[in-house]
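Here the structure is laid out as structure tokens; the discussion comes afterwards.
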Amino acid sequence: RLEEEGQVSFGSGDREEDFEKYCAIYRDVRGRSWKHAESDSAFLTEFRKWAMGKGWLRFSFLSLNDLPISCHIRLVADKTAYLMESVYDKAFSEFSPTTLLRSLLMTHLIDEEKVAAIDTIRGDEPYKMEWTPTKRRRIGISAFNSSAKGYLFRLLMTFIVPLVKGVKGSVRKGDCAS
């Protein structure tokens with residue numbers, strides 16, 4: 001359906017010298033998406049620059065008549081692609097541009113980048129189950145300094161926050177006695 005609107009093209013980039021160009025395209029598409037601006041953009045820019053320098057960061061773009069309408073950022077290391085971030089221009093939402101981009105990207109990852117595994121990283125978004133039949137268990141670890149601040153944060157994170165969440169959940173479910 002999108003091809004009825006004009007010429008559709010797929011592009012992928014990993015050249016360090018084009019990092020700023022890739023980021024500008026990503027920011028432009030994100031600005032036309034439903035997503036808010038990245039609150040931690042300075043950190044993400046530095047991280048992305050570092051990952052690009054290591055040869056791990058890759059960008060993919062879906063364009064319509066040379067206008068990027070969807071963008072995808074991934075890391076590729078040790079024959080595994082880690083799918084990090086996707087955005088699309090909301091004016092084209094009826095065409096599911098990120099689904100199309102991801103479909104083209106899968107072929108590219110396997111045929112061109114020769115990855116052995118594709119990881120959609122954390123999250124239970126329904127679209128991820130369309131791309132993989134398996135789900136791995138994820139385990140998180142928290143570490144705290146052995147200082148007064150560290151003990152305070154440990155108390156908050158391991159006791160108080162779960163307690164408050166439990167109370168809120170019980171109230172929402174109507175499990176509390178009146």
Where Val76 and Val115 come nearest, the two heavy atoms and their spacing: CG1-CG1, 3.9 Å
Give the C-alpha distance, both sets of side-chain angles, the deciding distance and a yes or no for side chain to side chain contact (heavy atoms under 4.5 Å, CB included) between Glu5 and Phe95. CA-CA 10 Å; Glu5 303 296 315; Phe95 298 104; 3.5 Å; yes
If hydrophobic clusters are built from ILVMFWY residues whose side chains come within less than 4.5 Å, do Ile25 and Trp34 share one? no
Would you say the side chain of Leu155 lies within less than 4.5 Å of the side chain of Tyr151, judging by non-hydrogen atoms? no
A side-chain contact here means heavy atoms from C-beta on lying under 4.5 Å apart; do Glu3 and Leu64 qualify? no
Could you check whether the rings of Phe59 and Phe61 sit parallel, tilted or perpendicular, using 30° and 60° as the cut-offs? parallel
Carboxylate-amine/guanidinium contact Glu46 Lys49, below 4.0 Å: yes
Scan side-chain atoms only and decide if Arg58 and Ser12 contain a donor-acceptor pair under the 3.5 Å cut-off. no
Can Arg48 and Glu85 be counted as an ion pair, charged N to O under 4.0 angstrom? no
Could you tell me whether the side chains of His108 and Glu113 share a donor-acceptor contact shorter than 3.5 Å? yes
Neighbour count above 12 (heavy atom, 6.0 Å) for Asp66 CG: no
Testing Thr99, Leu100, Thr98 one by one against Ser96 for a side-chain contact (heavy atoms from CB on, under 4.5 Å), which residue passes? Thr99
Within-4.5 Å side-chain heavy-atom neighbours: Arg102 and Ser86: yes
Are the side chains of Ser63 and Ile69 in touch, meaning some heavy atoms are under 4.5 Å apart? no
Check the angle between the aromatic planes of Phe47 and Phe43 and answer parallel, tilted or perpendicular using the 30° and 60° thresholds. parallel
Is Phe144 close to Met157 at the side-chain level, that is, under 4.5 Å between some pair of heavy atoms? yes
Contact between Tyr82 and Met84 at the side-chain level, heavy atoms closer than 4.5 Å - yes or no? yes
Quick one, His72 and Leu83 - any side-chain contact, counting heavy atoms below 4.5 Å? yes
Roughly how far apart are Arg154 CZ and Phe159 CZ, rounded to 0.5 Å? 12.5 Å
Please report the interatomic distance CD1(Ile73) to CE(Met52), rounded to the nearest 0.5 Å. 9.0 Å
Determine yes or no for a side-chain-to-main-chain donor-acceptor pair under 3.5 angstrom, with Asp89 supplying the side chain and Val29 the backbone. no
Side chain to side chain contact (heavy atoms under 4.5 Å, CB included) between Phe19 and Leu57: does it pass, once the steps are laid out? CA-CA 9 Å; Phe19 175 77; Leu57 188 68; 3.9 Å; yes
If you round to the nearest 0.5 Å, how far is CD of Glu94 from CG of Leu2? 9.0 Å
Transitively linked via ILVMFWY side-chain contacts under 4.5 Å: Tyr88 with Leu67? no
Could you walk me through whether Lys149 and Leu152 pass the side chain to side chain contact (heavy atoms under 4.5 Å, CB included) test, one step at a time? CA-CA 5 Å; Lys149 277 186 185 178; Leu152 176 61; 5.6 Å; no
4.5 Å side-chain heavy-atom contact, Glu38 and Tyr26: yes
Can you confirm whether Asn65 is buried at CG, in the sense that more than 12 heavy atoms of other residues, nucleotides or ligands lie under 6.0 Å from that atom? yes
Going from CG on Leu109 to OG on Ser60, what distance comes out if it is rounded to the nearest 0.5 angstrom? 7.0 Å
